[in-house]
There are 2 protein chains.
Amino acid sequence: MVRASSVKDVAARAGVSLGTVSNVLNRPDRVSPQTRAKVEQAMHDLGFVRNESARQLRAGRSRTLAYVLLDARNPFFTDVAEGAERAAETAGLSLFLCHSDNRASREGDYLAHLVEQRVQGILVTPVDPQAAVLDDVRRNGTPLVIVDRTRSDDAFCSVAVDDELGGRLAVEHLIERGHTRVAFIGGPDTIGQVRDRLAGARRAWAEAGLPDDQLTVVPTSGLTVVEGRSAGERVMGVARRRRPTAAFCANDLLALGLLQQLSTSGFAVPGDLAIVGYDDIEYASAAAVPLTSVRQPRQELGQRAAELVLDEADNPAHLHQQVVFTPELVARRSTLG
Amino acid sequence: MVRASSVKDVAARAGVSLGTVSNVLNRPDRVSPQTRAKVEQAMHDLGFVRNESARQLRAGRSRTLAYVLLDARNPFFTDVAEGAERAAETAGLSLFLCHSDNRASREGDYLAHLVEQRVQGILVTPVDPQAAVLDDVRRNGTPLVIVDRTRSDDAFCSVAVDDELGGRLAVEHLIERGHTRVAFIGGPDTIGQVRDRLAGARRAWAEAGLPDDQLTVVPTSGLTVVEGRSAGERVMGVARRRRPTAAFCANDLLALGLLQQLSTSGFAVPGDLAIVGYDDIEYASAAAVPLTSVRQPRQELGQRAAELVLDEADNPAHLHQQVVFTPELVARRSTLG
DNA sequence: TTGTATGCGTTATCAC
DNA sequence: GTGATAACGCATACAA
């Protein structure tokens, strides 16, 4: 096909005016059945497809949302995306995914492009929630919602999950199961999520009246399977009578690595060490010993974010809000034996 | 911000004509430094952002590519996307990801929207490579490349990996390691990839002069961890002297499930059963026993696909081509002991 | 019911 | 070096 055909071409072929073709497209009831048939035939013959750019230029707004995410490989984000997708579908919009791959430059490129495209709204899990690029988007009038991060000011809507509560839930569960020596495995503490989960854990520990030094921190340099294995070696290297009887991992990948290391070394889970993970990714329940984990309402997170961005786009009286979801503990064999 | 500002607004504020503003944007060398400074100042003051729709309407083409993929949760596809992303970045384009989630209807919606947007090109791993929706895209003049699937006709460019060769590599490796009773684990055989990998395995088996009935097929109803575990129970339930000494799994998730089942039941890998997986996903090398696996050049797949779609968009003499990449066996402890 | 004219924001061509 | 103007494809207000 040399050139896509336009309403003008359709009009010519159907022997009607350009306005009539437009009416067939947008107010078919105002067109007589015969004329409509003629026009539709012509559209079919020519393989006519609306030009969205022209439409959008005229309408002043587009029919798409976008989610700029940090890591497409992390099931957490794809689940969030799934929730956003559903909300978009309901609103008759398309959702495009943009993978920043944790790189600020790529995130910036995407945001700039999306603003130029005049998308209806942007969801973003930013590399840095404080970064000025986000304010630039706002200045240019594109609605934006921050997902799974929060920002000190309230210049944007945001949706997140209460990580401190998540940490608390994990540790309270372990305390209930009778553990009095627990390891927190996670890091680096530059990650806000890690800090908050640990803070919640500590608070629960203190409230139970347990001595500070029996909740030990085993730092990792990342939230990966490999780091989990290495942490496992450190934890199990401790003399038995001083060794923790349970571990709370800052995410499931760490927990899976830990689990692997233990079974390789002949330790029993939860007999020698009980384990709680975080995120409840699919692999958590599919692990050799199904993992107890803290579940975040991922799809709801995405769905709510999309709803907020649409409200900001449509509702002149829109007010920014910070939505915080409640996590939930899912108990499985790794703590229940 | 009530309304985004346009070149006209900028021109008014800078006290120049609209054409000059355009020159500043597109041919800055034709504008005197003073004028340019004035205009740039005005753009800054107003927070001017180019309207991509108008630009695109004028130019007749957009500056984006899209990849419509089946399953954002599968690391295979996200790696393909990563490769495409790199190629897009090199060409100064943005790549949008569209997640069809294996649903033909959503795939259709996305394709329609992308055609209306007049994107420069579409990469797609389709639910059904033969489906007519793909031809519709072509009829409307949007370049399209099929990724990781092939089609009987050659109406499109496609990039894929030689699955039959992959199956052959896996089985040849096991034969070299001295195995003479092997299980192929995978299914359902409605999936072309599964059929091809098995076909390759059978061919290698026959060429080695081994008896047909010593390559047994253990069917699964999906390519998941859970299915892998259940297959493990079936394989290891066989009396020892008739039991396979090695298994070739149609993908890594199956292999991981199998591995879990074995270690839970006290079997040794590769001592009691050697395992070869397929895809070489990240978790394969991070498994308790690192997995031997067949690696596909995922990023190259995406990169090449993007290059092909750009060639189709730019080059009038473009010819469709079917690119088939060669897989590679990565040997690790699960077969080497 | 159908046709005509206008403008959305940008770019490029052509005078000045 | 700068400014006026037409065109991209569509949707709408209005005229016929």
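All heavy atoms count here, side chains included; hydrogens, waters and symmetry mates do not. In what follows, every chain begins at residue 1, and chains take the letters A, B, ... in the order their sequences are listed.
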Is it true that atom [atom1] of [X] has more than 12 heavy atoms of other residues, nucleotides or ligands lying nearer than 6.0 Å?
| X | atom1 | result |
| --- | --- | --- |
| B/Glu40 | CD | yes |
| B/Gln130 | CD | yes |
| A/Arg30 | CZ | no |

Task: Angle by which the axis turns from one end of the helix from C/dT1-D/dA16 to C/dC16-D/dG1 to the other, five pairs per end, to 10 degrees - done: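 For the helix from C/dT1-D/dA16 to C/dC16-D/dG1, the axes at opposite ends meet at about 50°.
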
Between [X] (side chain only) and [Y] (backbone N and O only), is there a donor and an acceptor less than 3.5 Å apart?
| X | Y | result |
| --- | --- | --- |
| A/Thr20 | A/Val16 | no |
| B/Gln322 | B/Phe156 | yes |
| A/Tyr110 | B/Leu95 | yes |
| A/Arg151 | A/Pro129 | yes |
| B/Asn74 | B/Phe76 | yes |

Open item on the list: Students often mix this up, so state it plainly: with edges at 30° and 60°, are the rings of A/His113 and B/Phe96 parallel, tilted or perpendicular?
Closed with: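 It falls in the tilted class, 30° to 60°.
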
Whole-Å gap separating [atom2] ([N]) and [atom1] ([X]):
| X | N | atom1 | atom2 | value |
| --- | --- | --- | --- | --- |
| A/Glu116 | C/dT10 | CD | C1' | 12 Å |
| B/Gln117 | D/dG9 | CD | C1' | 15 Å |
| A/Met43 | D/dG9 | CE | C1' | 15 Å |

Pick base, sugar-phosphate or nothing for [X], based on heavy-atom distances below 4.0 Å to the nucleic acid.
| X | answer |
| --- | --- |
| B/Gly60 | nothing |
| A/Arg55 | sugar-phosphate |
| A/Ser22 | base |

TODO: Ignoring backbone atoms, establish whether B/Lys8 has a side-chain N or O less than 4.0 Å from OP1 or OP2 of C/dC8.
DONE: yes

Of all the choices, [options], which nucleotide is nearest to the side chain of [X] once you look at every atom?
| X | options | value |
| --- | --- | --- |
| B/Arg58 | D/dG3, C/dT2, C/dA12 | C/dA12 |
| B/Thr20 | D/dG3, D/dC10, D/dT12 | D/dG3 |
| B/Leu18 | D/dT5, D/dA11, D/dT2 | D/dT5 |

Task: Nearest-nucleotide comparison on DNA chain D, the residue closer to the 5′ end among B/Ala54 and A/Asn23 - done: B/Ala54

- [ ] Nearest-nucleotide wise, let me know which of B/Leu57 and B/Gly19 is further upstream toward the 5' end of DNA chain C.
- [x]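 Mapping each residue to its closest nucleotide by heavy atoms, the 5'-most match is B/Leu57.
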
Task: Close approaches to DNA chain D from residues 25-40 of chain B, in residue order (heavy atom, under 4.0 Å) - done: B/Arg30, B/Val31, B/Ser32, B/Thr35

